Amino acid sequence: MSGAAPLVFRLEGVTKDYGPIRALDGIDMTVRPGEKICLIGPSGSGKSTLLRCLNYLEEPTGGRIWLNGEPVGHTIDSVGRRRAPSEASINRLRMSVGMVFQSFNLWGHMTALQNIMEAPLRVRRLPRAHARDLALGLLRRIGLEDKQHAYPSELSGGQQQRVAIARALAMEPQVMLFDEPTSSLDPELVSEVLDVMRTLAQEGMTMLIVTHEMGFAEEVADRVIFMDRGRIVETAEPHRFFRRPESPRAAQFLARVVGRGRARSGSEQHDLRATTGGEETETGRLATSKTERET
Ligand code: ADP
């Protein structure tokens, strides 16, 4: 990626406080077009809050965020007054930034097709026939064309999450945010959702993914960002990160979450143990289910 490519997101010193809790503590980062970034870290480290600040579901307490060079959220006028964002600018932001949540959030009274058509009709104001064609095309892409008339209650969790991804894509967003999209799924349904995300990644979508699926992160991410206590502790190329994390905190986290689940070569095991101060790791399959997450 050229260093001169325009940035999708730029964050400077972003903080977020919930009363006495500092959920984000000075986040600086950039996201380039087409980049896939996996956000990894222990529960409560601020990953979800960071995503929610990016699409203005949460207003940061401090610092600044830009999307395509435009400020996200409030602006400061020429005399230093804080100005709330206009509804139009929030709508523009939400059209550019799609979000997929852990809990699907589909509308229960609408079919899969209607769920996907809703935003193109209401927000993008596409003609109904156009919105329908778009939605059917997306259902085909996620392999659920035959479920177009099914209601969410008639779909498995994996199918619901695929529809939720299609619904976000129906806005033709520039970037997609995924907040633990497979965490509430039964293990056997995880792969169908990861397959859809993998295809999206291969198609060049810019993606920020909070995930505990370490194998997927290593395969898909251009960069892994490891967070702890509201801070970015380490940013790394994934293969290096999963083999030789630099920070003791990341090494300790990986030893607990991945180390016990990953078959490593002797030297790789040695590397990880060296950085964790001799903590034992076990071998086995990749950590791919919520039961293997660090809690
Ligand atoms: P993660 O996604 O890494 O698990 P979160 O971003 O959900 O972490 O949470 C970071 C911290 O902020 C945690 O201490 C959490 O309890 C707190 N937090 C998150 N959302 C809220 C909220 N709406 N109100 C109060 N505290 C919150």
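Values in this document were obtained by computation on a predicted structure and should not be read as measured data.
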[X] vs [Y] side-chain heavy atoms within contact, under 4.5 Å:
X: Ile65; Y: Leu54; result: yes
X: Ile209; Y: Phe216; result: yes
X: Leu134; Y: Leu138; result: yes
X: Gln159; Y: Glu192; result: yes
X: Gln102; Y: Asp179; result: no
X: Leu139; Y: Lys147; result: no
X: Gln114; Y: Trp107; result: no

* Structure fact -> Of Val72, Val8, Val175, the one forming a side chain to side chain contact (heavy atoms under 4.5 Å, CB included) with Val97 is Val175
Under 4.0 Å between a side-chain nitrogen and a carboxylate oxygen: does that hold for [X] and [Y]?
X: Arg124; Y: Glu172; result: yes
X: Asp17; Y: Arg22; result: yes
X: Glu12; Y: Arg64; result: no
X: Arg198; Y: Glu219; result: yes
X: Glu237; Y: Arg223; result: no
X: Arg240; Y: Glu218; result: no

For the [atom1] atom of [X] and the [atom2] atom of [Y], what is their distance to the nearest 0.5 Å?
X: Cys38; Y: Lys47; atom1: SG; atom2: NZ; value: 12.0 Å
X: Lys36; Y: Leu208; atom1: NZ; atom2: CG; value: 10.5 Å
X: Ser96; Y: Glu70; atom1: OG; atom2: CD; value: 10.0 Å
X: Ile40; Y: Phe226; atom1: CD1; atom2: CZ; value: 8.5 Å
X: Gln160; Y: Asn105; atom1: CD; atom2: CG; value: 10.5 Å
X: Ile232; Y: Asp25; atom1: CD1; atom2: CG; value: 11.0 Å

I'd like to know if the side chain of [X] reaches the main chain of [Y], judged simply by a donor and an acceptor atom lying under 3.5 Å from each other, with no hydrogens or angles considered.
X: Glu246; Y: Thr235; result: no
X: Asn115; Y: Leu106; result: no
X: Arg94; Y: Tyr56; result: yes

* Under the side chain to side chain contact (heavy atoms under 4.5 Å, CB included) test, which residues partner Arg125, sequence neighbours left out? -> none
Would you kindly confirm whether [X] and [Y] end up in one hydrophobic cluster when ILVMFWY residues are joined by side chain heavy atoms under 4.5 Å apart?
X: Leu177; Y: Leu24; answer: yes
X: Leu51; Y: Ile225; answer: yes
X: Val14; Y: Val210; answer: yes

* Asked: Step by step, would you call Asp228 with Arg249 a salt bridge (charged side-chain N to carboxylate O under 4.0 Å, His left out)?
  -> CA-CA 8 Å; Asp228 189 31; Arg249 184 65 187 99; 2.9 Å; yes
* Does Glu87 CD have over 12 foreign heavy atoms under 6.0 Å away? -> no
* **Glu234/Ser247 under side chain to side chain donor-acceptor pair (under 3.5 Å): CA gap, chis, key distance, verdict** => CA-CA 7 Å; Glu234 186 166 344; Ser247 61; 2.8 Å; yes
* To do: Kindly indicate, with the supporting measurements, whether the criterion salt bridge (charged side-chain N to carboxylate O under 4.0 Å, His left out) is fulfilled by Glu118 and Arg132.
  => CA-CA 10 Å; Glu118 184 66 7; Arg132 192 182 147 77; over 6 Å; no
